[in-house]
Novice: 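Encoded as structure tokens, here's the structure I'll be asking about.
Worth saying up front: this structure is predicted, and the values here are computed from it rather than measured.
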Amino acid sequence: MSDCRSKRGFVLIVTCIALVILMAVAGLGIDLGRMYLIKSELQAFADSAALSAALRLDGTDQGIEGARQAPAELAAGPNAMMWDMGTRPITGIATSFAKGETAPDPKTWQADPKGAGELRFVRVVASAQAPVIFLRAFQPLKTDAAMVAASSVAVKTPGTARLVQ
């Protein structure tokens with residue numbers, strides 16, 4: 001009789017431990033899947049914004065200013081691109097420019113360039129604080145969000161623009 005009781009107690013303990021592990025894995029899957037979806041939405045925005053900005057580069061300071069405004073215009077208005085399943089506006093946008101022939105020169109990336117003559121490359125970085133539920137237990141500051149970012153680089157070619165990264 002006592003042998004049967006001890007087995008039932010062991011099964012209860014193992015079941016509880018397995019249930020906790022299963023819930024933790026499911027929670028991590030939910031948070032990581034949501035972050036993956038947000039990254040995908042931000043990447044689509046960064047690609048579109050980089051192409052739009054590169055199309056406005058024309059070798060003048062007005063072209064640089066237009067390229068700088070292009071991502072903000074894409075993120076605003078009635079047809080704005082949004083993240084979190086189209087419910088939140090994209091506000092964390094950084095735009096920088098570089099010179100180069102076939103690839104951007106890493107030394108020339110500037111957010112506020114002085115001369116527009118040889119700038120052909122545009123990099124747009126979009127970032128957002130992705131809300132997390134289950135990953136809070138693993139974050140050192142116990143915040144309720146994790147930073148997700150996506151970037152894209154486009155080049156201005158004669159008459160058009162194309163993505164390079």
Side-chain angles (χ1 to χ4, degrees), residues 26-165:
L28 290 175
I30 290 168
D31 278 350
L32 292 176
R34 188 168 185 194
M35 289 171 57
Y36 179 78
L37 178 65
I38 292 169
K39 166 97 172 160
S40 176
E41 292 170 330
L42 292 176
Q43 188 65 54
F45 171 81
D47 291 346
S48 298
L51 283 172
S52 178
L55 284 171
R56 295 187 184 190
L57 290 176
D58 59 4
T60 66
D61 289 338
Q62 291 82 15
I64 292 291
E65 191 57 37
R68 188 176 286 117
Q69 292 173 357
E73 291 171 4
L74 194 60
N79 297 320
M81 293 183 76
M82 297 186 175
W83 67 278
D84 201 12
M85 301 249 205
T87 61
R88 297 184 188 194
I90 299 171
T91 56
I93 305 167
T95 307
S96 55
F97 305 91
K99 300 175 183 177
E101 288 300 317
T102 58
D105 183 2
K107 298 174 189 170
T108 62
W109 283 111
Q110 300 174 41
D112 191 22
K114 300 300 179 217
E118 299 176 18
L119 296 173
R120 297 182 56 223
F121 292 89
V122 180
R123 176 175 53 203
V124 175
V125 178
S127 59
Q129 290 284 336
V132 295
I133 298 167
F134 300 101
L135 286 176
R136 285 186 214 167
F138 300 105
Q139 291 182 331
L141 300 177
K142 303 293 185 209
T143 60
D144 61 350
M147 181 61 73
V148 177
S151 73
S152 188
V153 177
V155 61
K156 171 71 174 186
T157 57
T160 188
R162 65 181 173 84
L163 291 174
V164 291
Q165 287 180 352

Novice: Please check if the side chain of Q43 supplies one atom and the backbone of S151 the other of a donor-acceptor pair under 3.5 Å.
Specialist: yes
Novice: Side-chain contact, heavy-atom cut-off 4.5 Å: L119 with Q110?
Specialist: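 Heavy-atom side-chain distance check fails, nothing below 4.5 Å.
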Novice: Taking all non-hydrogen atoms of both residues, which atom of V124 and which atom of A46 are closest, and how far apart?
Specialist: O-CB, 3.9 Å
Novice: Please tell me if the side chains of L163 and V153 come closer than 4.5 Å, counting only heavy atoms from C-beta onward.
Specialist: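 L163 vs V153: side chains apart.
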Novice: Taking all non-hydrogen atoms of both residues, which atom of I90 and which atom of A75 are closest, and how far apart?
Specialist: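 Residues I90 and A75, closest heavy atoms: O-CB, 3.6 Å.
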Novice: Looking only at heavy atoms, which two atoms of A70 and S52 are closest? And how far apart?
Specialist: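 Between these two residues, the closest heavy atoms are CB-OG, 3.5 Å.
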Novice: Test: salt bridge (Lys or Arg N to Asp or Glu O under 4.0 Å). Region: residues 115-134. Which pairs qualify, not counting sequence neighbours?
Specialist: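 Output for this query is empty, none listed.
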Novice: Got a sec, which residues hit salt bridge (charged side-chain N to carboxylate O under 4.0 Å, His left out) with D84, two or more places apart in sequence or on another chain?
Specialist: R34, R88
Novice: Determine whether F121 and T108 satisfy the following criterion, side-chain contact (heavy atoms from CB on, under 4.5 Å), listing intermediate values before the conclusion.
Specialist: CA-CA 10 Å; F121 292 89; T108 62; over 6 Å; no
Novice: So which atom in A54 and which in A154 form the shortest heavy-atom distance, rounded to 0.1 Å?
Specialist: CB-CB, 3.8 Å
Novice: Please collect all salt bridge (Lys or Arg N to Asp or Glu O under 4.0 Å) contacts where either partner lies in residues 89-105, sequence neighbours excluded, each pair once.
Specialist: none
Novice: Within this structure, what is the CG-CG distance for the pair L37 and L32, rounded to the nearest 0.5 Å?
Specialist: 12.5 Å
Novice: Mind checking whether I30 and I133 have side chains closer than 4.5 Å, heavy atoms only?
Specialist: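 No. Closest side-chain heavy atoms not under 4.5 Å.
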Novice: How long is the gap from CE on M147 to CD1 on I38, to the nearest 0.5 Å?
Specialist: 11.5 Å
Novice: Report yes if some heavy atom in the side chain of W83 is under 4.5 Å from a heavy atom in the side chain of V148; otherwise report no.
Specialist: no
Novice: Which heavy atom of M35 sits nearest to which heavy atom of A130, and what is that distance?
Specialist: CG-CB, 4.1 Å
Novice: Check salt bridge (charged side-chain N to carboxylate O under 4.0 Å, His left out) between R56 and all other residues, then give those that pass, not counting sequence neighbours.
Specialist: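 In terms of salt bridge (charged side-chain N to carboxylate O under 4.0 Å, His left out), with neighbours along the sequence ignored, R56 is linked to E73.
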Novice: Can a donor-acceptor pair be found, under 3.5 Å and without considering hydrogens, that links the side chain of S40 to the backbone of Y36?
Specialist: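 Such a contact is absent between S40 side chain and Y36 backbone.
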Novice: Sorted by first residue and then second, give each salt bridge (Lys or Arg N to Asp or Glu O under 4.0 Å) pair with at least one member in residues 36-47; sequence neighbours left out.
Specialist: none
Novice: Run the salt bridge (charged side-chain N to carboxylate O under 4.0 Å, His left out) test against R162 and tell me which residues pass, sequence neighbours left out.
Specialist: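 Once residues adjacent in sequence are excluded, R162 has no partner under the salt bridge (charged side-chain N to carboxylate O under 4.0 Å, His left out) criterion.
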Novice: Please tell me if the side chains of R68 and D112 come closer than 4.5 Å, counting only heavy atoms from C-beta onward.
Specialist: yes
Novice: What are the two closest heavy atoms between D58 and G63, and how far apart are they?
Specialist: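 Taking D58 first and G63 second, the nearest heavy atoms are OD1-CA, 3.2 Å.
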Novice: Measuring from I64:CD1 to K114:NZ, what's the distance to the nearest 0.5 Å?
Specialist: 11.5 Å
